Structure formats: structure tokens, C-alpha cells
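In this text the structure is predicted, and so the values were computed from the model without any measurement.
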Amino acid sequence: MEVFQLLSRGGARFDKQRFKSDVQLFTKTDLKTAKEKTEPVTQDSELPAELDFFKYAQGAPGKRKAANAETTSSSVLQPSGVRRKRRKVGQEDDHSDDDGYTGAEDDTARPKHRVKSKGSDIPLPVEAFDTLLDRYKMAPRLLSNLRDNGYTHPTGVQAHGIPILLQRRDLAAISPTGTGKTLSYLLPIMSSLGAPISSQGDESGSGVRAVVLAPTRELAHQIHNECLKLAVGRKWRVVLFSKATASTLRDKGVRDKVDIIISTPLRLVASIQEGNLDLNNVRHLILDEADRLLDTEFVAQVQEVVAACTYPDVQKAVFSATLPAGVEKLAMGMLRNPIRIVVGLKDTPLPLISQSLTYVADDASKLPSLLTYLAQPYNPPLLIFTSTQPRATSLAEELTLNGIPNVDCLHAGMTQKERDDAVSRMRCGQSWVMVSTEVMARGMDFKGVREVINYDFPTSVQSYIHRIGRTGRAGREGKAVTYFTDADAPYLKSIANVLLQSGSTVPDWMLKLPKPSRLKKKEMGKVKRAETVNAARKIGRSDAIKKRDMIAGSKRRKAKDHVARDETESGSG
DNA sequence: AAAAAAC
């Protein structure tokens with residue numbers, strides 16, 4: 001019954017305490033440059049242990065009921081012939097002492113992940129942050145700032161990645177969502193830069209010394225906040241690049257005295273082209289969400305930034321939770337003698353996120369399904385993803401019209417102020433239901449989010465992994481529900497495989513769905529037009545069979561759903 | 001495979 005208390009959550013009540021860390025995070029966001037600060041940014045002691053990010057980071061025991069939660073949630077789709085398979089973890093040079101993801105049966109250990117490293121002369125990982133003091137002569141101030149923010153034990157990507165970057169090596173790091181990638185590059189950058197440029201003479205040259213690129217403004221903003229926390233106590237000039245800051249820098253003529261710029265690609269490109277920004281002294285260039293930054297619409301901009309960083313020894317590093325083979329090749333081509341690290345299994349979400357796929361027939365059935373879902377107790381704030389901006393707007397309106405409280409919307413079609421306000425409401429817990437587009441899918445760290453709903457089916461495996469990765473962060477558990485319609489059938493199989501890989505249960509028929517035609521093309525090499533058409537017909541034919549199965553599955557699901565609902569009601573009442 | 005995001 002303890003399980004039900006956890007799952008039924010007693011309605012959509014808002015607990016201020018839960019958002020304490022986010023509230024504090026948000027209150028720091030107005031700073032543009034780090035100022036002298038003596039007090040710690042957070043006071044962990046006031047946070048309930050369960051909600052304290054940093055406790056998880058250091059590996060304190062957490063309440064994890066993942067096994068139970070998963071069972072309950074996946075009973076939504078639990079037909080006969082369920083297949084459950086856990087992929088074997090490969091050989092690796094891991095220093096850690098357990099076997100990959102910890103199962104839910106172990107309640108005391110923090111989730112650790114195997115780390116695979118590839119490359120020449122790979123530096124030893126650090127088992128503690130303090131090791132950085134002796135081995136790399138890291139400034140004590142940086143380490144005390146870490147401590148003050150509650151970081152006491154490095155995660156896998158931090159333990160392996162930080163030494164690599166400190167030894168001035170190029171790096172490609174793949175680590176699951178919510179495992180602390182931001183700190184993995186910020187800490188070594190700030191350590192390598194040494195003193196802030198404002199306190200240095202001319203020996204370090206002038207101009208920007210480090211650049212961090214991110215695909216959305218919201219993410220750049222968040223990285224900036226993280227950076228400010230590490231910069232406390234020293235006069236670092238850390239600039240979140242925007243139209244406003246770009247002109248400020250230009251007007252005040254202080255652009256030569258900047259340590260770190262955090263920006264979206266196009267903003268930087270614009271400034272470079274206007275002749276207002278010189279990147280020839282950049283020593284460190286980081287691509288966060290690298291696969292996103294290197295996909296077709298962004299890659300030209302990113303390459304322009306890379307080309308503008310003409311310092312001979314510029315260190316480059318790419319980070320993401322996902323890195324498809326083609327993009328990885330592109331990334332590796334940019335790097336010099338790189339080391340590649342993979343934490344956990346590539347393209348696999350965290351097992352602490354309990355995932356389920358819910359059949360909703362067609363688009364018209366989605367809203368009623370969601371309203372039914374929201375009529376039951378849920379766990380605010382809830383993050384809902386739609387495929388387009390208009391759909392996000394109208395869904396938010398519909399939900400409000402249907403009496404759902406505190407519904408918010410966030411997409412890139414809104415004004416900057418609207419976007420900023422929406423993020424603030426999310427950070428301080430005023431949003432109970434946030435409807436958003438892909439803009440929120442990557443990197444955003446809302447610590448309170450326990451549930452993600454894919455209202456519209458994600459358009460790629462990567463999108464799926466990043467979207468559901470908005471929950472289950474820093475060792476917490478999370479829940480992800482994905483609606484699928486008949487129209488989504490062609491892409492269902494690839495997502496079903498993701499569930500399978502991360503230890504969720506998946507009905508057999510989903511895995512037996514035909515491969516998307518493009519994969520077939522690849523297998524066969526050059527395919528003639530006629531064959532492609534035939535393949536398409538084949539898929540079309542099996543669609544009918546799939547549909548039959550889906551409907552059958554949906555009936556089973558509904559039956560189970562009723563049972564689950566009854567149990568929940570009696571459990572929480 | 002396709003929309004979103006970037007200014």
C-alpha cells in the first residue's frame with residue numbers, strides 16, 4: 001500500500017517545499033555576471049531528503065520504488081506474450097564497483113553506470129572531487145563552490161570527463177539525461193582558464209576565452225545559471241549571449257574582457273558577421289546537445305562558430321545523451337585526437353523512468369484520454385509535449401477550458417518575455433501542467449517534474465529519449481506516458497525498442513512491426529523505385545494487422561485500466 | 001520522416 005501512496009499522490013496538490021531548489025535556482029537568474037557572494041546558493045538542510053538533488057549527486061540513499069512503479073504503470077499495456085529483455089553491458093574499463101544500472105531492489109546504492117572510454121592515453125577518472133586539488137591543482141575556491149552547492153561526489157560522466165578536459169584533450173561524451181553533463185564541462189573550463197580575465201594582465205591575450213553552445217535560449221540560460229554558481233566569489237565575466245548582452249558588450253566596449261560566453265549558435269554567428277565579436281582567443285569550445293547542434297538546420301551555423309575559433313590549441317568537446325552514428329562521425333571529424341566516453345548504454349533512457357505506451361486510436365481521442373488522465377490524481381508539474389506550436393497553444397487552452405488549474409504553455413513562437421515567464425512559473429512551481437513543443441525537450445532541468453506525457457508521438461528516438469529525460473533526473477524516479485495513434489504505427493517499433501532496452505516491458509507485436517522503409521533501403525544498398533514502392537505496399541498491408549492487434553490491445557488495456565483505477569481510489573481514499 | 005529552433 002506504500003506503493004499506492006507514492007503513486008496516487010493524493011491529488012494535484014502543490015508542495016512548496018518540493019520546489020525549493022528550483023525557486024532558489026530561479027532567484028539567481030537575473031545575474032548577468034558573477035558578483036561577490038558569501039552565502040551558499042542552496043541550503044540543503046531545509047530540503048526534504050527525497051527532493052534534494054545534491055543528496056542524490058553524492059549518493060545518499062533515496063526512496064526508490066521503481067520496480068513497483070514500473071509494474072503498476074506498465075500494466076497499462078500488459079498483454080500476453082510480453083517480452084522482457086535486458087541488454088548485456090559490454091566490456092569496459094570501469095573503475096566503479098557495480099554492474100551498470102542498479103536494480104530497484106537495491107535501495108541504498110546510487111545509480112551508477114558503466115563508463116566505456118575509447119581513445120589514446122585516457123586519463124584516470126577521479127573518484128572524488130578532492131582528487132582534483134592534488135592531481136590538477138584546481139583552485140580551492142572552485143571546489144568550495146562545488147561543496148557549497150552540495151556536489152560532493154562526481155557522477156560517471158564527471159569522474160571520467162573532467163580529467164580528460166583538464167588534460168586539454170578533445171572529448172565526445174555520451175551520458176544519459178540528468179547525469180550532470182553541464183558540470184562536467186563547466187568545472188574544467190573554469191579551472192583551465194585559471195583566474196578570471198579581469199584580474200589578469202595581457203599575458204592571456206584579450207577576447208572571449210571559452211564558448212558554450214546550446215540549441216535553445218532556455219537551455220543557454222540554465223547553463224549560465226550553473227556557471228554563476230561555480231563562479232561565486234571571483235570576478236568571472238560569464239555572459240549569457242542575447243541580443244541585449246551583445247549590444248551591451250559592444251557599446252561598453254568590454255567585449256575584450258569576457259571569460260565565458262554561453263549562447264545559441266545563430267546569435268553568435270550574427271555577432272561575428274556584424275564584426276562585434278572576435279573568437280580568435282577562444283581556448284575552449286563546448287557543444288552541448290551536440291547531435292541537435294549538428295543536425296541539418298544548425299550545422300552550418302555551428303561550423304561557422306567553429307571556424308571563427310582560430311586559436312591554434314582550441315579544445316573542443318561535444319556532449320549529449322544521444323549521438324546517432326552519422327552525427328558522431330561529423331563530431332569526431334571536428335575533434336583532434338578525441339577521447340570518447342559513453343556512460344551506460346547509448347541511446348537508452350534511465351531505468352528509473354517508468355515508461356508506457358498508450359493507444360489512443362486517433363487524434364480526436366487524445367484530449368478525452370488526457371482529460372481522463374488529469375481527472376485522476378497526478379503529480380504536478382506535468383510536462384506535456386506536442387508536435388507543433390499551434391497544437392501546444394490550443395491544447396493548453398482546451399485544458400484550461402476544461403477546468404484544469406495552472407496550465408501553462410511554452411514554445412518558440414512566443415515572445416521572449418512570455419517564454420521567460422513560463423520558465424519562471426515552472427521553476428517556482430506555479431505551473432502544474434506545462435504544455436510545450438520540442439523546445440523544452442533537451443537539457444532543461446526542472447527538478448520537480450515527475451511525469452512527462454508525449455501527447456504527440458515523438459518524431460525520432462532521440463526526441464523520445466530527451467523528452468522523457470525531463471523527468472527522472474539526478475537519480476530520481478520519473479514516469480513517462482506516450483500516446484500513439486494508428487498514424488504513428490510506422491514509428492512505434494523503434495520507440496518500443498527503446499523501452500525494451502531500458503528494461504521496460506513491451507508487447508511482442510510492437511517489436512514485430514515492420515522496419516521503417518528507409519532502413520530497408522540501407523540494407524539493400526541501392527534500391528530501385530519499384531522495390532521501394534513494393535516495400536511501402538508491404539507495410540501498408542501489415543498496417544491492417546497491426547491495427548487489429550492494437551484495438552485488441554486497447555480493449556485489454558481498458559479492462560486493466562479500470563482495475564488499476566479502482567485500486568488507486570481505494571488505496572488513496 | 002518531419003517540425004522546431006536558431007536571428
- ring-ring contact (aromatic ring centres under 6.0 Å, His included): pairs with one or both residues in residues 290-323 of chain A, sequence neighbours excluded: Tyr185(A)-Phe319(A)

Taking side chain to side chain donor-acceptor pair (under 3.5 Å) as the definition, give me every residue that meets it alongside [X], ordered by chain and number, with sequence neighbours left out.
{"X": "Asp408(A)", "answer": "Arg425(A), Ser431(A)"}
{"X": "Asp313(A)", "answer": "none"}
{"X": "Arg391(A)", "answer": "Asp363(A), Asp456(A)"}

Measure from [atom1] on [X] to [atom2] on [N] and round the result to the nearest Å.
{"X": "Phe385(A)", "N": "dA4(B)", "atom1": "CZ", "atom2": "C1'", "value": "12 Å"}
{"X": "Gln273(A)", "N": "dA6(B)", "atom1": "CD", "atom2": "P", "value": "18 Å"}
{"X": "Met414(A)", "N": "dA5(B)", "atom1": "CE", "atom2": "P", "value": "10 Å"}
{"X": "Gln462(A)", "N": "dA4(B)", "atom1": "CD", "atom2": "C1'", "value": "15 Å"}
{"X": "Leu287(A)", "N": "dA6(B)", "atom1": "CG", "atom2": "P", "value": "17 Å"}
{"X": "Arg467(A)", "N": "dA4(B)", "atom1": "CZ", "atom2": "C1'", "value": "10 Å"}
{"X": "Tyr464(A)", "N": "dA2(B)", "atom1": "OH", "atom2": "C1'", "value": "19 Å"}
{"X": "Leu266(A)", "N": "dA4(B)", "atom1": "CG", "atom2": "C1'", "value": "14 Å"}

- Message: Given Pro349(A), which partner from the list Ile468(A), Thr471(A), Leu499(A) fulfils the side-chain contact (heavy atoms from CB on, under 4.5 Å) test?
- Response: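 When side-chain contact (heavy atoms from CB on, under 4.5 Å) is applied between Pro349(A) and each of Ile468(A), Thr471(A), Leu499(A), only Ile468(A) qualifies.
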
- Message: Can you list, in residue-number order, the parts of residues 291-302 of chain A that come under 4.0 Å of DNA chain B, counting heavy atoms only?
- Response: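 Close to the strand are Arg292(A), Glu297(A), Phe298(A), Gln301(A).
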
- Message: Can you identify which nucleotide, out of dA4(B), dA5(B), dC7(B), has its nearest atom closest to the Thr388(A) side chain?
- Response: dA4(B)

- Go through dA4(B), dA5(B), dC7(B) for me and flag the one nearest to the Pro390(A) side chain. dA4(B)

- Does OP1 or OP2 of dC7(B) have a side-chain N or O of Thr264(A) closer than 4.0 Å?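 True: Thr264(A) side-chain N/O within range (under 4.0 Å) of dC7(B) OP1/OP2.
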
- Please determine if a side-chain N or O atom of Arg419(A) lies less than 4.0 Å away from the OP1 or OP2 oxygen of dA6(B). yes

- Do Asn281(A) and Arg209(A) have side-chain N/O donor and acceptor atoms under 3.5 Å apart?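 Absent: no donor and acceptor within the cut-off.
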
- Query: Can you list the residues that meet the side-chain contact (heavy atoms from CB on, under 4.5 Å) rule with Glu304(A), with sequence neighbours excluded?
  - Reply: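 side-chain contact (heavy atoms from CB on, under 4.5 Å) check on Glu304(A) returns Val269(A), Gln273(A).
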
- Message: Using a 4.0 Å heavy-atom cut-off, does Pro265(A) contact any base of the nucleic acid, only the sugar-phosphate backbone, or nothing at all?
- Response: nothing

